[in-house]
Q: 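Structure in structure tokens, see below.
If you're wondering where the values come from, they're calculated on a predicted model, not measured in any experiment. In what follows, every chain begins at residue 1, and chains take the letters A, B, ... in the order their sequences are listed.
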There are 2 protein chains.
Amino acid sequence: MEKDARDIFKEIGLRVTPQRLEIFKILASMHGHPAAEDVFERIRRRFPSISFDTVYRTLSLFENHGLIKKVHHLADKTRYDTNLKRHHHFVCIRCKKIIDIEWDEIDGIPMPKGVENLGRVEDRYVELRGICKDCLNEEEE
Amino acid sequence: MEKDARDIFKEIGLRVTPQRLEIFKILASMHGHPAAEDVFERIRRRFPSISFDTVYRTLSLFENHGLIKKVHHLADKTRYDTNLKRHHHFVCIRCKKIIDIEWDEIDGIPMPKGVENLGRVEDRYVELRGICKDCLNEEEE
DNA sequence: TCCTAAATAGGAATATATCTTATTTAAAAA
DNA sequence: TTTTTAAATAAGATATATTCCTATTTAGGA
Ligand SMILES: [Mn+2]
Ligand SMILES: [Mn+2]
Ligand SMILES: [Zn+2]
Ligand SMILES: [Zn+2]
């Protein structure tokens, strides 16, 4: 935030547009974890005719350049699990394959301090993300 | 297998329908983590006129009775994060609020054995899920 | 200032999932 | 067994988030 958004864009090689500057400013000023819609509602005040597409495009652009991150699931649709034993998953970021893994060590880790002030924890969800063997092989071509 | 399913349904107090029996059988026979569409494609062979709605309803039903689990995101839309420091999240399963947490202990845990055979891990994603303070308070009414 | 590739607005399209309603059916009652 | 009725289903409409398409505008370089 020390640096001007304009400079950041130029460094990365992005065109400086009013929409981008405003979205950047909004993101910096918003607390929490806004959804695209939240950003859209905010920027509409200054750019009443901005389109949803521009907001989505810009957020993707920022994400691709590491200016923001997504808090999200990898798969685009719900996947069901018939394995009811406690386990975790390796998820391929390319083909979305989900593979069961056991990782007892992580289940034993005590809760982080202070979490009881946030609410009642009922579950912990752990995902290892990467590129699966199949996709790595395909890559070698 | 079919005998089993019939008994399970009765135990839980569910009506035994051909669609449910078949979906149950399909789930038991499918490996991996099928999406609703995968189940739909499979059951269509025997019930060509089955509707997507029935598949979704049945999967929800099974999930509500603990016969299967969802591998899924909690929020219905993507949320963005401007906090680029390594951190994790507490997510409220009720209001979908996302709160940053630090949990260094979990970052230090070594990868589970054998994961290198699955692919190249690039990231680990950890979420604590539960009911946030606000929702707990509201509950007291 | 002019030029051109990139960005945008607006709306259409897509995809996943849920809802509505008329019809059928499971299973309890007679 | 037959009857009864609430529950389940099929079919299609609807909702919602996101992406795509295309004509127009614009940023930034020549
Ligand atoms: Mn699994
Ligand atoms: Mn965060
Ligand atoms: Zn893969
Ligand atoms: Zn909450």
Side-chain angles (χ1 to χ4, degrees), chain A residues 4-24 26 33-65 67-68 70-80 96 98, chain B residues 2-3 5-24 26 33-41 43-65 67-68 70-80 96 98:
Chain A
D4 196 60
R6 182 171 254 107
D7 295 334
I8 294 175
F9 292 170
K10 284 184 175 165
E11 264 177 39
I12 316 178
L14 302 180
R15 290 199 173 183
V16 179
T17 72
Q19 292 91 337
R20 285 175 183 174
L21 287 171
E22 184 67 15
I23 290 176
F24 188 91
I26 286 171
H33 302 79
E37 197 186 350
D38 302 320
V39 176
F40 179 71
E41 291 305 334
R42 282 278 309 266
I43 195 173
R44 229 140 87 91
R45 301 179 194 166
R46 283 176 185 274
F47 297 80
S49 67
I50 197 168
S51 71
F52 244 112
D53 186 56
T54 297
V55 172
Y56 276 110
R57 247 185 310 103
T58 305
L59 290 172
S60 277
L61 186 81
F62 288 178
E63 198 215 352
N64 290 336
H65 288 89
L67 300 178
I68 57 175
K70 276 185 179 178
V71 185
H72 73 321
H73 51 291
L74 290 175
D76 39 356
K77 41 187 151 181
T78 300
R79 307 276 292 271
Y80 293 86
K96 317 295 191 207
I98 302 175
Chain B
E2 181 160 324
K3 185 64 170 298
R6 184 170 250 109
D7 293 336
I8 293 174
F9 293 171
K10 283 185 174 166
E11 263 176 41
I12 317 178
L14 302 181
R15 289 200 173 183
V16 179
T17 73
Q19 291 91 340
R20 284 176 183 173
L21 288 171
E22 183 67 16
I23 290 176
F24 188 90
I26 286 171
H33 302 80
E37 198 186 348
D38 302 321
V39 177
F40 180 71
E41 292 305 335
I43 195 173
R44 230 140 87 90
R45 302 179 194 165
R46 283 175 185 274
F47 296 81
S49 68
I50 197 168
S51 71
F52 242 111
D53 185 57
T54 296
V55 173
Y56 276 111
R57 247 185 312 102
T58 304
L59 291 172
S60 277
L61 186 80
F62 286 178
E63 198 216 353
N64 290 337
H65 288 89
L67 300 179
I68 57 175
K70 277 184 179 178
V71 184
H72 72 318
H73 48 292
L74 292 174
D76 39 356
K77 38 187 151 181
T78 300
R79 306 278 292 272
Y80 294 87
K96 319 297 190 203
I98 301 175

Q: When the distance from CD1 of B:I50 to P of C:dT24 is rounded to whole Å, what number comes out?
A: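 Checked: the CD1 to P distance equals 17 Å.
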Q: Can you name the side-chain contact (heavy atoms from CB on, under 4.5 Å) partners of B:H73, sequence neighbours left out?
A: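 B:H73: side-chain contact (heavy atoms from CB on, under 4.5 Å) contacts with A:H73, A:T78.
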Q: Who are the salt bridge (Lys or Arg N to Asp or Glu O under 4.0 Å) partners of B:R15, not counting sequence neighbours?
A: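 Checked B:R15 against salt bridge (Lys or Arg N to Asp or Glu O under 4.0 Å); zero matches.
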Q: Provide, to the nearest angstrom, the distance between the CG atom belonging to A:N64 and the P atom belonging to C:dA7.
A: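 In whole Å, C:dA7 P and A:N64 CG are 12 Å from each other.
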Q: Between B:H73 and A:F47, who's closer to the 5' end of DNA chain C by nearest nucleotide?
A: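 The residue mapped nearer the 5' terminus is A:F47.
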Q: Scan residues 38-46 of chain A against DNA chain D and write down, sorted by residue number, each residue with any heavy atom closer than 4.0 Å; if none is found, say none.
A: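 Output list: empty, so none.
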Q: Tell me, please, which residues at least two apart from A:R44 pass side-chain contact (heavy atoms from CB on, under 4.5 Å).
A: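 side-chain contact (heavy atoms from CB on, under 4.5 Å) check on A:R44 returns A:F40, A:E41.
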Q: What is the separation between atom CZ on A:R20 and atom P on C:dA9, rounded to the nearest whole Å?
A: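 Distance check: A:R20 CZ to C:dA9 P gives 11 Å.
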Q: Apply salt bridge (Lys or Arg N to Asp or Glu O under 4.0 Å) to B:E37 and list each qualifying residue two or more places apart in sequence or on a separate chain.
A: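 With neighbours one apart ignored, the set is A:K77.
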Q: Dump the pairs, protein N or O against N or O of nucleotides 28-30 of chain C, anything under 3.5 Å, distances to one decimal.
A:
none

Q: Identify every side-chain donor-acceptor pair in residues 45-53 of chain B under 3.5 Å, counting partners at least two apart or on other chains, and give the distances.
A:
{"from": "B:R46", "atom 1": "NE", "to": "B:E22", "atom 2": "OE2", "distance (Å)": "3.1"}
{"from": "B:S51", "atom 1": "OG", "to": "B:T54", "atom 2": "N", "distance (Å)": "3.3"}
{"from": "B:S51", "atom 1": "OG", "to": "B:T54", "atom 2": "OG1", "distance (Å)": "3.2"}
{"from": "B:D53", "atom 1": "OD2", "to": "B:R57", "atom 2": "NE", "distance (Å)": "3.2"}

Q: Under 4.0 Å: is that the gap between some side-chain N or O of A:R57 and OP1 or OP2 of C:dA7?
A: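 For A:R57, the contact criterion (side-chain N or O under 4.0 Å from OP1 or OP2 of C:dA7) is not met.
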Q: Detail all sub-3.5 Å separations between protein N/O atoms and N/O atoms belonging to nucleotides 1-4 of chain D.
A:
none

Q: Would you please name every residue forming a side-chain contact (heavy atoms from CB on, under 4.5 Å) with A:I12, sequence neighbours left out?
A: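 A:I8, A:L14, A:H65, A:L67.
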Q: At under 4.0 Å between heavy atoms, how does the protein contact nucleotides 18-30 of chain D? Give one character per nucleotide, 5' to 3', with B, S or -.
A: SBBB-----BS--
Q: Report the distance from atom CD of B:Q19 to atom P of D:dA7, rounded to the nearest whole Å.
A: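 Checked: the CD to P distance equals 17 Å.
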Q: With respect to the phosphate group of D:dT9, does any side-chain polar atom (N or O) of B:S51 fall under 4.0 Å of OP1 or OP2?
A: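 Answer is no, no contact under 4.0 Å.
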